[in-house]
Structures are given as structure tokens and as C-alpha cells.
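Just so it is clear, the values below take in all heavy atoms, side chains as well, and ignore hydrogens, waters and symmetry mates. All chains are named by letter (A, B, ...) in the order of the sequence lines, taking the proteins before the strands, and each is independently numbered beginning at 1. It should be emphasised that the depicted structure is a prediction, and the values quoted were computed from it without experimental measurement.
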There are 2 protein chains.
Amino acid sequence: MEKYRHVSSKDVAREAGVSQATVSYVLNDVPGIKIKPETRQAVLEAAKKLNYLPNLSARSMRLKKSMSIAVVSDKNVSNYGFIKILEGIKDVMIPRDYSITFSFSKFQDNETAQHVQYFLSNRIDGIIFLLVNPSKEHCQYLASKHIPFVVISHQFQEDGFHRIKNDMESAVREALTDLRSKGRETIGFFGNGIGNFADRRYATFHKTMEEMNFRLDPAQMVKMSDSEEAESAIAQFFNNRSSLPDAIICEAPGIGFRLLRYLAKTGIRVPETLSVTAFGTSKFSPLTYPALSAIESPLYQMGYSAAEMLFNIMNGKPTDNLVVLKWQYVKRESS
Amino acid sequence: MEKYRHVSSKDVAREAGVSQATVSYVLNDVPGIKIKPETRQAVLEAAKKLNYLPNLSARSMRLKKSMSIAVVSDKNVSNYGFIKILEGIKDVMIPRDYSITFSFSKFQDNETAQHVQYFLSNRIDGIIFLLVNPSKEHCQYLASKHIPFVVISHQFQEDGFHRIKNDMESAVREALTDLRSKGRETIGFFGNGIGNFADRRYATFHKTMEEMNFRLDPAQMVKMSDSEEAESAIAQFFNNRSSLPDAIICEAPGIGFRLLRYLAKTGIRVPETLSVTAFGTSKFSPLTYPALSAIESPLYQMGYSAAEMLFNIMNGKPTDNLVVLKWQYVKRESS
DNA sequence: CTGAAAGCGCTAACAG
DNA sequence: CTGTTAGCGCTTTCAG
């Protein structure tokens, strides 16, 4: 590959009849440096004429910052969430001249994790964990190496690290209030977090149910993950039961879809006979029949806030280490 | 931000009692350079002991390559496709020590396009267009600047540029054969490409229908995009028609979902009364009821092949400039 | 087989 | 207000 010759700041300097330093001063608007207007003008014109773009590798080396961040995620991530959050991240990072590097890194050893290597080799300046949960121990390691990072996750609960927290409580309350207003009192939960109070969706559901004096009936809660196995768990639940709950809250959209699918198949009417609501955002929730009501997180905003936070950390500006964003109850047809 | 001090090759050299050059030789396995085994050993040990990682900014500057590629896409991209293709790209690029930079670049001017600026400022060495279509003129511009790029797209048809092409013909034929075997002869098409032979999905549908001697009835083709407006177009179609087609092929999963939704709502049985099949891959196709049959593209493979191609171009290795991958007919319940 | 030294393009003291 | 200069960490002739 023959490479197009790079125009350097030296070329601009020559063209403008000034020194390379001057070029750097005006192009970077270095604070505290005064440049005579006509010199500045000359530099600007030369730069434009030559179509000059600074070589970022050189600048990175000099500045010891790469002007790039890593977004670490894994392939099991919810697609919709991924892209929406990324959009938020991009909208703060790109205008500030950072680029965004992907990392699908699995968390193996602390040192061999891809994002760590990226940082230590000056490929990135900071990390956003996007819908994945680094362990506490890994976070401590990162902190010990002074690696700036923030965690976007619905589960991550470790204190003392920068993260985007989200408050699902008011949205859950709203959803339950809506259910109660229609006389639905027996409310089930389908999801993997059953009985596990470290699972925020389940925990918030449980807590809010208690606070609102709903009856919590373990018989109406079914443990299932958002995968094919859910189908048999759902079928089994309905086969074994003579009395149905009035409503079911699903831990994830995928569980909601599968439930809806089962109910359509077996002719159980939604929401008349059974009301369905799911945690989580999906592009497809409005497209099922009936359209799936959901308790959704503010994805774009989460990305945006995380990026702002990371930017502040990386640049030594003061920042909160916790931003709390509220979920929303989006009522559609299924509830 | 105080930054963790970087261990340099000079440090390794000192530790191993050799020169910096030697360190570079052994760590990069420079061909044609022989190193005494014990020296090599010493260097390797020192590097490991100090936990040395080369500074990539410095290396990039020296080598004039950034060891990074850009994936350019836009936010309207099909999510599932995006992440699957990305996975394929990653699986070839990461092992070859390239990182992946994201660009949501819109195509404005040739020179101000973000990916062009990234290249010109040595942030990336090549570009993969992921499910977006650069114009022919833009491609020519990139070629004129010797910017390596490959296009992954279902629409892009320009010859002479590196791209992943895919063959949907055999899959469409398979789907239609399946329909015929069940006596379905009147087949409609819902999508934005109606009448537009530049639209590959429509064109392939049309061509195959003709070849197989199906009757092409314009009355059974409805122009609609994969968006909310589709809903009214669908409703209108069914309201105005006394005779229904036997089957409908949808241009995108989203149209298929909306159609299924409408049919469920109005009680039209699928596939008994009407058979539905959609072009495109979605995580949710198996989750509707009935599960949506689809004509799917080999996403992972497309990413993989594109990345291999780009790698070859960037490194001056011989490569095809066209890889053809076949779509597949995935029969589920709706057809 | 290995080392000395130059230089990639940039920024930032420091001089003037 | 602007230029000279040193040096970031790396690779690579060129000598030895």
C-alpha cells in the first residue's frame, strides 16, 4: 500500500512563513499565547490550503493521550440497548474529538483483559462498560492503575466507582398502580431473578409489591431466562395451574415476547384475561399484537451521562460519581 | 489525571542489558534478523517482568499505520445485523492486532466525512461500510486518495470496488418452491422497493417469480417502508380487497412483524389463510406467533469476509474484490 | 549478532 | 509575539 503523503505542520509552517511552533499555537488556540492577527490568519489560510490535518499518532505520543475511549461490551448484549446507548456516548465524545473503540473483551485476568491492554498501550484513555458487569475486584484493579472508567449497567451495584445508576422504582410503582386501577391484584413475575434480591428488577418488583400491599404469591413466579428454555417453562406454568394470575411482569422483553407468543397460541386473551408487562426496551415491543407494555430505561441518556462523566474523569474535571436516571412505564396494549 | 507511568522499550533494554534495537528485534520477530538465543531469552524475560506493552501511538507514528479500522454505519442500521456483522469483523481484526473504531458518520462532503478525516489524521488504516451505501462518487474519491475500504451492503452494486455481495436468488427460489408445494400461487410483496429494480430484494423477488412462472399481480404489491406508516398501508390493503393473496413476502422483518400483528388483530389465520415470509434477520423472528419465516443473509460471514478483504488490501496482499455469500431460507411457522 | 543514532510529527519550555 | 530546541517511544538503517 502506497500511502498518501501526510501534510505535516512543518509544511504548513513553511507555507505560512512561520515556525512550526506558531502553527501549533494557533491551530490549538493555546491559552495564554498571543498571536498577531495577521500571523494567525496566514497560518489558518496555509492550513486550509494544504488541507492540513494533524497526525494524531504523533499528537497522542506527545500528549500521552490517545483521544479515544473504549466501549466494552459483549455479544450477548441487548442490541437495541447497545445502539441507543452508543448513540448517547457518541453525541458527547465525538464533538470533543474523542473516537470510540470497540472491545468485546471477556474478563479474564486483570492484566490480559483487552481494554486494559488497550489502555496500557496508549490506545485508549478511558473505558465505558456498556451493559456488562466488571467484577468488584476488577474495578479495584482498574482504579489501582488509575484507569478511568464508568459502568453502565442495570445490575452493577458496587459503590465507590463511577457509574450510571437507574431508578426503576417510580416506573414500577406506576405500572402496578395502573394494574390495580383495573382490579388486577394477583401479579406474577417471570424471570431469572426470582428470589434473588441482588437482581434489581426482581428486587424492585418485590419491594414495590410489598409497599403497595399486593399479595406476593410464590406460585405465580417462575424462574426462567431470556432464552429458548423459557418456552417450556411458560408452557409448564400454564399447564399446571388451574387459577391464573391477573397480570405477569416479565424480566426482559424477550420473555414478554415468548409469553405473548404462548398466549396467542393457546388463545388466552391479552390483556382481558391476562395482562403482560415487561422490563426493558426493544424496538419490537410496539410491533407485537397486542403491543407489549414495558418498563423502559433511558438508554440514550445513560450513554450520554456516562460519557460526560468519563470525559470529566479523564480531564481532571470535577464530576459526580453517580448519576441516577429514571425508568419509565410505557403503556401499550398488553397491560 | 495522573497517568500510570508507561514502561518503555528502553526500560526493557536496560533490564535485559541490551540495546533498545535488540528489544525491538526480538519482540517483533523481525525477519532476517538473527538473535542469539540467550539474548532473546533475556529480552523476553525482562519484558514479561516489567509487564511491557509497546506504546502504540509511538509505533503508529513510526510505522505510519494506526493498526485500527473504522466501521462506518448509521443509527438506522438493523441492530441485529449490526452486531452480528461486527462480530465477524472482530474475529478477524482483533487476532491480527487491529482495533475497531466506530464512526456514525453521515456522508457530507468527501473531505469532511468523519472516516476520511480519521484516515487522513492517521487514526485508522481502512474502512468498512457496514450496511450503509457510500455513493459511487464518494467511493471514487476514497480510491483516489488510496484509502482502503470495503462495502458491506445488501444494496450496493457499484463494480470495481471491494465489496461483499450476496446472492439471494437461491434462497428466494427455495422459499417460492416451498410456497408452491403448498399450492400457494398468488404471492404479494410488501415493501419500499416495489417497482424499483435497483432494490435487490424486490428485483430478486420479481425475477424469480417470473422464472418460476408465478403470476405477478400488481394489485398484491404494496409500497411501504419499515416504519409506523406501514401499519396504515397494511390496513388499507386488507380493507380494500375482497380477494387475498395466498402469501406475502415482506421486504424487512419489521414489515413482517407489523403484518403479523395486523393479521392477529383481525383474526386472519397464518399460515392457513395467508402465508407470510420476510427478508432479513431478526432476533425476534422466532418469537412471534406464528414464528416468522425468513430469507436471511449470512451476517457473521459477511463481516468476516469483509474484514479479511480489508486486511489484505491494507497489507498489500492479493485479494478478490468481490465475495459472494448466499442467503438462506429459514422456514419457521408463518409460511 | 548487536548497538548507536536518526527521525517519524507533534507540543511546550525557554529564549529572544 | 514568535522561533529554537528538545524529546515523547518506537523502528531501522548503518556500522561494527
Value in whole Å for how far the [atom2] atom of [N] lies from [atom1] of [X]:
X	N	atom1	atom2	value
B:R59	C:dG7	CZ	C1'	17 Å
B:M67	D:dC10	CE	P	15 Å
B:D11	D:dC10	CG	P	9 Å
A:K10	D:dG3	NZ	C1'	14 Å
B:M61	C:dT11	CE	P	11 Å
B:L120	C:dG9	CG	C1'	15 Å

Check: With A:S19, which residues qualify under side-chain hydrogen bond (donor to acceptor under 3.5 Å, both in side chains), at least two apart?
Finding: A:T22

Item checked: For B:T101, side-chain hydrogen bond (donor to acceptor under 3.5 Å, both in side chains) partners two or more places apart -> B:S68

Item checked: Pairing residues for B:F156 by the ring pair (Phe, Tyr, Trp, His ring centres under 6.0 Å) criterion, not counting sequence neighbours ->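 Once residues adjacent in sequence are excluded, B:F156 has no partner under the ring pair (Phe, Tyr, Trp, His ring centres under 6.0 Å) criterion.
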
Check: For B:H138, which residues count as a ring pair (Phe, Tyr, Trp, His ring centres under 6.0 Å) partner, sequence neighbours excluded?
Finding: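 Once residues adjacent in sequence are excluded, the partners of B:H138 under the ring pair (Phe, Tyr, Trp, His ring centres under 6.0 Å) criterion are B:F107, B:H115.
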
Under 3.5 Å between N/O atoms: give me all the protein pairs with nucleotides 12-16 of chain D, atom names plus distance.
from   : atom 1 : to    : atom 2 : distance (Å)
D:dT13 : O4     : B:Y25 : OH     : 3.1

Next item on the list: For the helix from C:dC1-D:dG16 to C:dG16-D:dC1, measure the angle between the helix axis at one end and the axis at the other, each built from five pairs, rounding to 10°.
Entry: 40°

Check: Which residues in residues 34-58 of chain B have at least one heavy atom lying under 4.0 Å from any atom of DNA chain D?
Finding: B:Y52, B:P54, B:N55, B:A58

Checklist line | OP1 or OP2 of D:dG9 under 4.0 Å from side-chain N/O of A:K64 | finding: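 So the side-chain polar atoms of A:K64 do come within 4.0 Å of the phosphate oxygens OP1 or OP2 of D:dG9, strictly under.
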
Item checked: Distance test, side-chain N/O of A:S19 to OP1/OP2 of D:dG3, below 4.0 Å ->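 For D:dG3, OP1 or OP2 has a side-chain N or O of A:S19 closer than 4.0 Å.
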
Listed by chain and number, what are the salt bridge (charged side-chain N to carboxylate O under 4.0 Å, His left out) partners of [X], not counting sequence neighbours?
X	answer
B:R62	none
B:D109	none
B:K317	none

Next item on the list: Sort and list the pairs that fulfil salt bridge (Lys or Arg N to Asp or Glu O under 4.0 Å) and have at least one residue in residues 35-46 of chain B, not counting sequence neighbours.
Entry: B:D29-B:R40

Next item on the list: Output every pair passing salt bridge (Lys or Arg N to Asp or Glu O under 4.0 Å) with a member in residues 86-100 of chain A, not counting sequence neighbours, ordered by first then second residue.
Entry: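 Non-adjacent pairs meeting salt bridge (Lys or Arg N to Asp or Glu O under 4.0 Å): A:K84-A:E87, A:E87-B:K75.
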
Notebook entry, point to check: Of all heavy-atom pairs between A:M302 and A:N166, which one has the smallest distance, and what is that distance?
Noted result: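 Where A:M302 meets A:N166 most closely, the heavy atoms are CE-ND2, 3.8 Å.
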
Notebook entry, point to check: Quick one: does A:S297's side chain get under 4.5 Å of A:T281's, heavy atoms only?
Noted result: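 Touching, per the 4.5 Å side-chain cut-off.
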
